[in-house]
Amino acid sequence: MNEIADVVTVGQYLAHRLVELGGPHVFGLPGDFNLTLLDEMLTVPGIDWVGNTNELNAAYATDAYARTSRGVAGLVTTYGVGELSAINGIAGSFAEDVPVVQITGMPTTAARNSGALSHHTLVDGDYDHFFRAYKEVTVAGAILRAADASREIDRVLRAALDESKPVYLGIPMDVAAAPVSSAPLKRPLRATPSDAVALDDLRTALRDVLFGLDTVTILAGPRIHRRRAESLLERIAGHAGVRVATQASAKSMLPETHPASIGVYMGQMTPSPATRAAVDDAPLVILAGTVLSDVLTGFYSQGFDLENGVELGISSARVGAVTFHDVRLEDSLTVLDEVVADLALSSAAPVEARWPYRTPLEATAADAPLSQNELWTIVQEWLPTNAIAIADAGTAMYGALELQMPVGTDLLASPIWSSIGYTLPATLGTSLASERRSILFIGDGAAQLTAQELSTILHRGLTPIIVLINNDGYTIERVIQSPRAVYQDITRWNWAALPAALAPDVPVLTAQVRTAGDLRDALGRAAAASDRAVIVEAHLHPDDAPPLLAKLGAIAGGKPAE
């Protein structure tokens, strides 16, 4: 471990904390107000600067990096024009519970105090407009002063740890290089511990409410992932009599081959009727780290009793009408594990989740156009173990949600914020955070929003496989309403030529597929080409949609899901 000097600069102090919290890669773009800050941060061993093509892409990449590394990740932008470009991504991190640090390089303290009319401001002398905007999408923030900078950095980062939400640090140019003591760095930052008395009370309440049940039914949500508690969920699932369904945003968090796994639950959009019945008909459902948003509940069509159930949140727990405050999710899951172990339940009757793409394809003409059903069935056959699958919030996500993920393969999606285009920069983040290969499924419309970040992926020598679903526009919107409207169309790109334009000296494997045979061949070559990035462009009819997306369209049109 490198020795840290007794005195460091504010920028160095922040960089040391980011390395400590699992965020050695720092994303962003330079601007005149953050250059001093970047110069100071980059003197710290272990910090790796990841320059992005724009601030929104940087925010998306930072978000995915934090999700994958299970740490706190930093994004550096310049004041005003840079931070406002990133705010959509930070809002997504807030909605999806991701601890990202938005770090803004600001004009000098003197300029702020005097109200100087500077570039990148609204030229009204008020330098706090954007800090106030960020208060809406962060849980803590500060504009640093030299006098208490290290204390404020620690306070704000601690909030990110406690809440699994984004935070904001504004660092004026003069403060970035100001000296501070490094003594606090000797004490690692930790999340606030659970209240011991509240935990004991929760243990008693869980014993009371679960006593006499034949089966324990858990609906697991994405916040378990954010709290690094997947192993706890798997331990609970190992007890006899436990069934675990996952929300779409937590798919494969418990391995889908696990005996206790009963598949993805989404209310009336649940892919498997057996899964929906097992959850909705359970006498009591334990909501563990869940988010009951519209898409995740099939537009609020959940059938279980919410008020009389058990809810384990990031920092509190509820049993019926009683809330236990200051209880961390990882600790409440530990208590649940202890209580379930004491119940000594009998094995629950098996629930067979439906995995539609495991059905072999019927013989089709070799030159028949590729369909969505063929695409996802072939992907199901091919999808490797120990990978990171990533699906954009459109056709791709609704196809991927009905795949059964192989052992060790996660699915990263963003169904709550659902900002299309998120996943291409997110693939940069996942590729840097994990040695597992990233496999991206994204539509042509979504990819056009953030395609520039492919250049960063390629220039850094990263090797994801990108399956680009080319269906000439926004098929997810066509399914919902007005499929022939002009706004559903996009301009056509030559995707095969794009890598040469963005990274002319980097070898990339590209393939055009229009039939099932084409796709099988291209995916086989993609898996073998482990030394380079791969783009497989799959051409599909604009009106063809996976069944789960068709359900969404029916609900949006006021019809019940079949």
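If you read the sequence from its start, that first residue is 1, and numbering goes on from there. Keep in mind it's a predicted model, so treat the numbers as computed, not measured.
Asn54 is linked by a side-chain hydrogen bond (donor to acceptor under 3.5 Å, both in side chains) to nothing, counting only residues two or more places apart in sequence or in another chain. For His119, the ring-ring contact (aromatic ring centres under 6.0 Å, His included) criterion is met by Phe33, not counting sequence neighbours.
Checked for salt-bridge contact, Arg525 and Asp521 meet the test: a charged N lies under 4.0 Å from a carboxylate O. Here Asp544 does not pair with Arg478 in a salt bridge; the nearest charged N to carboxylate O distance is not below 4.0 Å. Classification of Asp410 and Arg67 as a salt-bridged pair fails, no side-chain N sitting under 4.0 Å from a carboxylate O.
Judged by distance alone, the side chain of Asp48 and the main-chain N or O of His25 form no donor-acceptor pair under 3.5 Å.
Atoms CG and CG, on Leu462 and Leu432 in that order, are 5.0 Å from each other to the nearest 0.5 Å.
Judged purely by distance below 3.5 Å, without hydrogens or angles, the side chains of Thr77 and Gln102 pair a donor atom with an acceptor atom. Side chain to side chain, Trp493 and Asn470 fail the donor-acceptor criterion of an N or O pair below 3.5 Å.
Other residues, nucleotides and ligands contribute over 12 non-hydrogen atoms within 6.0 Å of the CZ atom of Arg132.
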Between Arg223 and Ser164, does the side-chain hydrogen bond (donor to acceptor under 3.5 Å, both in side chains) criterion hold? Intermediate values first, please. CA-CA 8 Å; Arg223 288 167 174 165; Ser164 288; over 6 Å; no

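Less than 6.0 angstrom separates the ring centroid of Trp376 from the ring centroid of Phe441.
A ring-ring contact (aromatic ring centres under 6.0 Å, His included) with Tyr168 is found for one member of Phe130, Phe131, Phe94 and no other, namely Phe131.
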